[in-house]
Protein chains: 2
Amino acid sequence: MLDYPPAVRKLIAALRQLPTIGPRSAERLALHILQQEESYALSIADSIREARARIKSCPVCGFYCEIDLCEICSDKKRDHRTICVVERPADVISLERSGTYHGLYHVLGGTLSPLDGIGPEQLNIPSLLRRCAGLEVSEIVLALGHDVKGETTSLYLSGELKTASLRVTRLATGLSVGGSLEYADPQTLVHALQGRKEI
Amino acid sequence: MLDYPPAVRKLIAALRQLPTIGPRSAERLALHILQQEESYALSIADSIREARARIKSCPVCGFYCEIDLCEICSDKKRDHRTICVVERPADVISLERSGTYHGLYHVLGGTLSPLDGIGPEQLNIPSLLRRCAGLEVSEIVLALGHDVKGETTSLYLSGELKTASLRVTRLATGLSVGGSLEYADPQTLVHALQGRKEI
C-alpha cells in the first residue's frame with residue numbers, strides 16, 4: 001500500500017505530537033502546509049525556532065522573558081510587595097487580562113504531586129521561599145487551581161510562608177460572572193454561600 | 001495590559017493561520033512547544049521546512065513526489081492504461097488505502113468553479129487531456145466528490161474525454177458500508193436504489 005513520501009510522513013508524525021492533534025488533524029495540517037506558498041511554511045517553521053531560541057524563563061519569577069528579566073519583574077511601577085503564585089505562564093496572562101492585579105508573579109511550573117514524584121524541589125518553590133524571605137514582600141496571593149492538586153499545593157505553601165509579617169491569601173471560590181445556579185456544582189455553591197457578602 | 005513577549009505572540013499568530021486552529025488552540029500549542037525540550041520544537045520546525053523544500057508535484061500526475069517522478073507513475077507494475085482522476089493528493093492516499101485500485105492517478109488540484117474564476121486552465125486539466133491523447137490510456141475513472149462542484153467537473157471531463165477508444169467511468173453512489181438507512185439522505189437513497197444489484 002502506497003503512503004505519502006517520507007518527508008510528508010515525517011511532518012505528519014511531528015504535528016501529531018502536538019496536544020489535541022490526532023492523526024486526521026495532523027494529516028490535514030501537513031497537507032495544508034504543503035499546499036500553501038513556501039513562505040507560509042517557512043514563516044511557521046521560523047516562528048517555532050525563534051520562539052524556542054529567544055524565550056527564556058525569568059530568573060526571578062519564572063514567566064517568559066526575552067531578556068535578563070521579564071517585563072513584569074523589571075517594571076518599577078508595579079507593586080513589588082505583593083506576589084501572586086500561579087501554576088503556568090499562561091495563568092499570568094489570564095490574570096493580566098483581568099486588569100485588576102498590579103503586583104508581581106511567581107510561576108511554579110506545576111502543582112505538588114507526590115505520587116508522580118513532583119515535590120517542592122521539582123517546582124519553583126525554593127525560589128519562592130527565597131523571594132519571600134526578603135523583608136520587602138508583604139502579601140502572597142495563591143492563584144492556583146481549585147482542584148485537589150491546586151488545593152494541596154496552596155495548603156503546603158501557606159504553611160511554609162505564613163509568618164507574622166507575611167499575609168497569605170487565595171482567590172475566592174464562587175459562581176462565575178454570568179453563571180447561573182443551574183449549572184454550578186454543589187461544592188461551588190457551598191463556597192459561594194459561605195463566602196456571601198453584604199450588598 | 002501585559003501580553004506574551006513578541007516571539008511568543010508571533011508564534012501564536014503563525015499557528016493561528018493553520019486550518020481549524022483558533023486563537024485558544026494556537027495559544028495552547030505555542031505554550032506546549034515552549035514547555036518542551038528544545039529538540040522537540042526544532043524537530044517540528046525542521047519537518048515543516050524539510051517537507052516544504054523536498055516535496056514537489058509529480059510532473060505527470062500532480063501527486064507528491066520527492067524525486068523526478070512520483071512513486072506511482074514510476075511503478076512499472078501498475079496498470080498504466082487506467083487513470084483515476086481525483087481532486088487532491090490526499091484522495092490518492094484514501095484510494096490507495098482501499099487496496100483495490102492499481103492504475104495511475106491524476107490530481108486536478110481542485111474542481112471547476114467558474115464563479116471563483118477556476119476554469120480548466122487553473123486546474124491540471126490540460127495535462128490530463130494531453131495524457132489521454134496518447135493511445136495507451138483505455139479508461140478514466142472519475143473519483144471526484146459527489147457534490148455540485150464535483151459533479152460539474154465530472155460532467156465536463158466526460159464530455160472532453162469520451163471517445164470511441166476511451167471509457168470514462170465514475171465511482172458508484174450508494175450507502176456507506178456499515179451505514180444504516182436511517183442516516184442516509186434521500187438523494188443517496190435514490191442513487192442506491194437506482195444502482196441496485198442482483199445478489
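Note that the structure is a prediction, hence the values are computed from the model and not measured. Throughout, a chain's letter reflects where its sequence line sits, starting with A, and its residues are numbered from 1.
Proximity to chain B is limited to the backbone of A:Gln36, based on heavy atoms less than 4.5 angstrom apart. Using a 4.5 Å cut-off between heavy atoms, A:Asp75 does not touch chain B at all. With a 4.5 Å cut-off on non-hydrogen atoms, A:Leu42 touches chain B through its side chain but not through its backbone. The part of A:Ile55 that comes within reach of chain B is its side chain, from C-beta onward, which places non-hydrogen atoms under 4.5 angstrom from that chain.
In the displayed structure, B:Asp68 atom CG is contacted under 6.0 Å by at most 12 heavy atoms of other residues, nucleotides or ligands.
With respect to chain B, the highest number of heavy-atom pairs below 4.5 Å among A:Val8, A:Leu11, A:Ile21 belongs to A:Leu11. Ranking A:Cys70, A:Gly109, A:Ala14 against chain B, the residue ahead of the rest is A:Ala14, based on heavy-atom pairs under 4.5 Å. When A:Cys65, A:Pro6, A:Pro89, A:Ala53 are compared by the number of non-hydrogen pairs under 4.5 Å with chain B, A:Pro6 comes out ahead. Annotation: maximal heavy-atom pairing with chain B below 4.5 Å, among A:Glu50, A:Arg88, A:Glu38, occurs at A:Glu38. Highest contact tally toward chain A, considering only B:Arg9, B:Gln35, B:Gln17, is held by B:Gln17 [criterion: heavy-atom pairs under 4.5 Å]. Contact count against chain B (heavy-atom pairs under 4.5 Å) is highest for A:Ala51 among A:Ser25, A:Ala30, A:Ala51. For chain A, the option among B:Arg54, B:Lys10, B:Glu66 with the highest count of heavy-atom pairs below 4.5 Å is B:Glu66.
A salt bridge links B:Arg97 with A:Glu27: the closest approach of a Lys/Arg side-chain nitrogen to an acidic carboxylate oxygen falls below 4.0 angstrom.
Taking the side chain as every heavy atom from C-beta outward, A:Asp3 and B:Glu96 never approach each other to under 4.5 Å.
Hydrophobic clustering (side-chain heavy atoms under 4.5 Å, transitive across Ile, Leu, Val, Met, Phe, Trp, Tyr) groups A:Leu95 together with A:Ile93. The cluster map of Ile, Leu, Val, Met, Phe, Trp and Tyr, joined by side-chain heavy atoms under 4.5 Å apart, puts A:Leu112 and A:Leu108 in the same cluster. Criterion: ILVMFWY side-chain heavy atoms under 4.5 Å apart, direct or through other members. Under it, B:Leu69 and B:Tyr64 are not part of a common hydrophobic cluster. Linking ILVMFWY residues whenever their side-chain heavy atoms come closer than 4.5 Å, directly or via other members, leaves B:Ile44 and B:Leu34 in distinct clusters. Both A:Leu31 and A:Ile12 are assigned to one and the same hydrophobic cluster, defined by single-linkage of ILVMFWY side chains at heavy-atom distances under 4.5 Å.
Of the inter-residue distances, the one linking A:Thr20 atom OG1 with B:Arg24 atom CZ reads 12.5 Å to the nearest 0.5 angstrom.
Relative orientation of the B:Phe63 and A:Tyr4 rings is parallel, given thresholds of 30° and 60° on the angle between their planes.
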